[in-house]
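The structure presented is a predicted model; accordingly, all values stated were derived computationally and were not measured. Basis for what follows: all heavy atoms, side chains included, without hydrogens, waters or symmetry-related copies. The chain is numbered in sequence order, starting from 1.
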Amino acid sequence: MNKFEVTSLSEYILRNQMKIPQSRGGFSHLLHHVSTAARIVNREVNKAGLVDILGEMGSTNIQGEDQKKLDIFANEHFIDAIRGCGEVCAIASEENESFIFFEDEMGRNGKYVFLMDPLDGSSNIDVNVSIGTIFSIYRRVTPVGEKATMEDFLQPGTAQLAAGYVLYGSSTMLVYTTGNGVNGFTLDPSIGEFCLSHRKIKTPEDGKLYSINEGNYKKFPKGVKKYIKYCQERDEETNRPYSSRYIGSLVADFHRNLLKGGIFIYPETETAPNGKLRLLYECNPIAFLAEQAGGSASNGEKRIMEIKPTSLHERTPFYTGSKNMVRKVDAFLEEFDLKSDKKFNSRCASVK
């Protein structure tokens, strides 16, 4: 791209919609509404310290987590924006117990379902750390014109039409894929537009960063403990030791590793045996982006996007980033955990 050329998100979508198999105008319209909601949320995030929108809401979401005021704000504005586009029949959010079906005629005729974590990393809001929005789009499986059902949402990640995130940080970025690579757009506040800044992002196959909350070390599976020690060992041939970088916001940690190379790890623990991240709202969309950028994503046993969801708020262990680093941690898990009697007996019991 010429350094003087500025390509807005709107222009980029129009130029490239013919390359997107699912794009028939309505899909592009939906992406415009996502960017509109992102700009509204960004405005509130940037002035959060100046208005009464910081702090706890005094309520909890379906996950049992304390809701921040900005959680509620982001959730409501994304729902309103997606409802207004008229292309979506139903939406599911991490903040709501069940999906929301749009009852009007436009909603019933919507071709897509939309899933989101409206404000990832919201526990960091009050201390001004980068946070984000994660979203995923699927084509509905129920007939157009009928009421959406849970079946529309419980699709494997391989069925995603698009996925992306918005990072509210030192600059605000919208990064998304429609299955034809990953592109990043930075918000230019002077014109109020997202402009193409990162074309065809490719994550390095190897990296020197690992991101994990080491405060939970004692609760980790043995394979993860072994992998952390491997990362810390000195070895010139593999450029170790690696650097530990952990923000505690999935979008921010993943974005850094996406650009620089690295691995993000959120494993199962003794207190969270199924992991803590949500398959539908966080892991599937991030996995789609990782793979489209040349990276990888697994739950330690299989490819994230091949998991068939069984519930809306299902959780899973999550390992994503540079392809060779994900393969390495999977190998450690295979050696030290998956072949252990405890894991073997647990899986045998589930098969029965």
For the pair [X] (side chain) and [Y] (backbone), establish whether a donor and an acceptor sit closer than 3.5 Å, ignoring hydrogens and angles.
{"X": "R139", "Y": "L161", "result": "no"}
{"X": "D253", "Y": "I247", "result": "yes"}
{"X": "N274", "Y": "T316", "result": "no"}
{"X": "D120", "Y": "E282", "result": "no"}
{"X": "R140", "Y": "P143", "result": "yes"}
{"X": "H255", "Y": "V166", "result": "no"}
{"X": "T133", "Y": "P118", "result": "yes"}

Please say whether the positively charged group of [X], taken as NZ for Lys or CZ for Arg, lies over the ring of [Y], i.e. under 6.0 angstrom from the six-membered ring centre and within 45 degrees of the axis.
{"X": "K226", "Y": "F332", "value": "no"}
{"X": "K328", "Y": "Y227", "value": "no"}
{"X": "K200", "Y": "Y12", "value": "no"}

Is there a donor-acceptor contact under 3.5 Å linking the side chains of [X] and [Y]?
{"X": "T269", "Y": "N216", "result": "no"}
{"X": "S211", "Y": "R256", "result": "yes"}
{"X": "N324", "Y": "S322", "result": "no"}
{"X": "N284", "Y": "S136", "result": "no"}

Testing the basics here: between [X] and [Y], what is the closest heavy-atom pair and its distance to 0.1 Å?
{"X": "T178", "Y": "F288", "answer": "C-CZ, 4.3 Å"}
{"X": "G145", "Y": "N109", "answer": "CA-OD1, 3.7 Å"}
{"X": "K208", "Y": "N239", "answer": "CE-O, 3.3 Å"}
{"X": "N257", "Y": "L209", "answer": "OD1-CD1, 3.8 Å"}
{"X": "Y138", "Y": "L280", "answer": "OH-CD2, 4.5 Å"}
{"X": "I79", "Y": "F102", "answer": "O-CZ, 4.2 Å"}

Approximate separation, where rounding is to 0.5 Å, of [X] [atom1] and [Y] [atom2]:
{"X": "T271", "Y": "K219", "atom1": "OG1", "atom2": "NZ", "value": "4.0 Å"}
{"X": "S28", "Y": "R15", "atom1": "OG", "atom2": "CZ", "value": "14.0 Å"}
{"X": "R327", "Y": "E334", "atom1": "CZ", "atom2": "CD", "value": "15.0 Å"}
{"X": "L31", "Y": "I13", "atom1": "CG", "atom2": "CD1", "value": "4.5 Å"}
{"X": "L279", "Y": "N299", "atom1": "CG", "atom2": "CG", "value": "9.0 Å"}
{"X": "S249", "Y": "L167", "atom1": "OG", "atom2": "CG", "value": "7.0 Å"}

Answer yes or no: is there a side-chain heavy-atom contact under 4.5 Å between [X] and [Y]?
{"X": "S171", "Y": "L187", "result": "no"}
{"X": "V175", "Y": "H198", "result": "no"}
{"X": "I307", "Y": "K302", "result": "yes"}
{"X": "L115", "Y": "P285", "result": "no"}
{"X": "Q292", "Y": "I201", "result": "no"}
{"X": "L119", "Y": "Y168", "result": "yes"}
{"X": "D188", "Y": "E193", "result": "no"}
{"X": "Y266", "Y": "N213", "result": "no"}

Ring centres under 6.0 angstrom apart (Y242, Y210): no
With S170 via side chain to side chain donor-acceptor pair (under 3.5 Å) - residues at least two apart: none
Over 12 foreign heavy atoms within 6.0 Å of NZ, K308: yes
D80 and R83: CA distance, side-chain angles, deciding distance, salt bridge (Lys or Arg N to Asp or Glu O under 4.0 Å) verdict: CA-CA 5 Å; D80 287 345; R83 177 188 284 114; 3.2 Å; yes
Step-by-step salt bridge (Lys or Arg N to Asp or Glu O under 4.0 Å) determination, E291 to R303: CA-CA 10 Å; E291 291 190 6; R303 182 186 176 204; 2.8 Å; yes
Salt bridge R108-E103, side-chain N to carboxylate O under 4.0 Å: yes
Aromatic plane relationship, H77 with F73 - under 30° parallel, 30 to 60° tilted, over 60° perpendicular: tilted
Step-by-step side chain to side chain contact (heavy atoms under 4.5 Å, CB included) determination, T7 to F185: CA-CA 9 Å; T7 304; F185 299 79; 5.6 Å; no
Test side chain to side chain contact (heavy atoms under 4.5 Å, CB included) applied to L258 and L289, step by step: CA-CA 9 Å; L258 177 72; L289 288 159; 5.8 Å; no
Y112, F101, F114, F99 screened by ring pair (Phe, Tyr, Trp, His ring centres under 6.0 Å) with F153, the one that passes: F99
Check against side chain to side chain contact (heavy atoms under 4.5 Å, CB included), E314 and R278: CA-CA 6 Å; E314 183 174 340; R278 290 74 172 178; over 6 Å; no
Criterion side-chain hydrogen bond (donor to acceptor under 3.5 Å, both in side chains) on S296 and Y319, from CA distance to verdict: CA-CA 8 Å; S296 183; Y319 307 83; over 6 Å; no
Set of salt bridge (charged side-chain N to carboxylate O under 4.0 Å, His left out) partners for E205, sequence neighbours left out: none
Intermediate values then yes/no, side chain to side chain contact (heavy atoms under 4.5 Å, CB included), Y230 and R240: CA-CA 8 Å; Y230 167 84; R240 287 182 286 143; 3.1 Å; yes
